[in-house]
2 protein chains.
Amino acid sequence: MNNCLKVLRAERSWSQGDLADRLEVSRQSVNAIETGRYDPSLPLAFRIAELFERPIEAIFVSPTKETL
Amino acid sequence: MNNCLKVLRAERSWSQGDLADRLEVSRQSVNAIETGRYDPSLPLAFRIAELFERPIEAIFVSPTKETL
DNA sequence: TTTCCATGTAAAGCTTCCTTCACTTATTCG
DNA sequence: CGAATAAGTGAAGGAAGCTTTACATGGAAA
């Protein structure tokens with residue numbers, strides 16, 4: 001599943017470690033999500049959405065809704 | 001995590017099995033999510049949101065946002 | 001160059017999600 | 001009554017998310 005975590009993070013000049021601390025997950029988890037190796041759990045997706053003050057749908061893009 | 005799947009499903013007079021078919025998961029998964037035994041994965045949450053034509057946040061309620 | 005920080009990734013292990021099979025209970029309908 | 005459908009749950013196993021430890025690479029800055 002595509003996402004714009006990297007962009008949102010860069011806008012704030014946060015490292016992956018900074019973001020991981022705020023989300024209370026490991027730096028490797030943030031990296032894996034950003035590089036598309038796996039999707040976050042729903043609870044983690046909610047924490048991410050709350051942190052960036054955006055709806056989940058504005059951060060993660062369902063594969064069935066990708067632009068063609 | 002709280003959700004209103006059961007209500008949305010009842011509004012359409014679907015059984016858990018009906019909903020499971022539309023989501024392409026097992027009936028037990030639908031039941032487990034409805035009864036709060038576990039949260040759906042993010043991809044499944046997207047399919048649910050698309051099926052009911054509502055944002056994820058209108059169906060699932062983050063524990064950090066529950067009404068007190 | 002050397003040091004420092006950010007990033008990417010691998011391995012092993014645990015937890016959570018999801019499956020199938022199976023059984024139980026309740027309700028409805030003939 | 002008996003038959004059928006819906007819902008809830010348990011067990012066992014596979015897949016995915018997340019952890020810690022560890023190492024490699026690249027860029028910035030001294």
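Proteins get letters first, then strands, A, B, ... in listed order; numbering begins at 1 in each.
Nearest to the side-chain atoms of B:T35 among the listed nucleotides D:dT9, C:dA10, D:dC18 stands D:dT9. Set against D:dT20, C:dT20, D:dT9, the side chain of B:S26 has C:dT20 as its closest nucleotide. Nearest to the side-chain atoms of A:V25 among the listed nucleotides D:dT19, D:dG10, D:dG17 stands D:dT19. Here the nucleotide nearest the side chain of A:S29, chosen from D:dC18, D:dG8, C:dG8, is D:dC18. Considering only the side chain of B:Q16, D:dA7 comes nearest among D:dC18, C:dG8, D:dA7.
Within the 4.0 Å cut-off from OP1 or OP2 of C:dA6, not a single side-chain nitrogen or oxygen of A:K6 is found. B:N31 has no side-chain polar atom (N or O) that falls below the 4.0 Å cut-off from OP1 or OP2 of D:dA7. At least one side-chain nitrogen or oxygen of A:R9 sits closer than 4.0 Å to the OP1 or OP2 atom of C:dT7.
The nearest whole Å value for the distance from the CD1 atom in B:I33 to the P atom in D:dA7 is 15 Å. In this structure, OH of B:Y38 is placed 15 Å from C1' of D:dG17, rounded to the nearest angstrom. One atom, CG of B:D18, and another, C1' of D:dT5, lie 11 Å apart when rounded to the nearest Å. Atom pair B:R27:CZ and D:dT9:P shows a separation of 11 Å (rounding to whole Å applied). Put simply, CD on A:E24 is 20 Å from P on D:dG17, counting in whole angstrom units. In this entry the distance linking CG of B:N3 with P of C:dC17 reads 13 Å, nearest Å. In this entry the distance linking CG of A:L44 with P of C:dC17 reads 12 Å, nearest Å. Between the CG atom of A:L5 and the P atom of C:dA6 there is a distance of 17 Å, rounded to whole Å.
In terms of modelled atom types and a separation under 3.5 Å, the side chain of B:R37 and the main chain of B:I33 share no donor-acceptor contact. Judged by distance alone, with hydrogens and angles left aside, the side-chain atoms of A:R27 form no donor-acceptor pair with the main-chain N or O of A:Q16 at under 3.5 Å.
Among the heavy atoms of the strands lying under 4.0 Å from B:S15 are primed sugar atoms or P, OP1, OP2 only; no base atom is included. Within 4.0 Å (heavy atoms only), A:S41 reaches sugar-phosphate atoms of the nucleic acid but no base atom.
You'll find the side chain of B:L19 stays beyond 4.5 Å of the side chain of B:R12, heavy atoms only. Looking only at side-chain heavy atoms (C-beta outward), B:L5 and B:F52 come within less than 4.5 Å of each other.
For B:R37 against D:dG10, a side-chain-to-base donor-acceptor contact under 3.5 Å is absent. Donor-acceptor pairing under 3.5 Å, judged by distance alone, is present between the side chain of A:Q28 and the base of D:dT21.
Between B:R47 and B:E24 there is no salt bridge, since no side-chain nitrogen of the basic residue lies less than 4.0 Å from a carboxylate oxygen of the acidic one.
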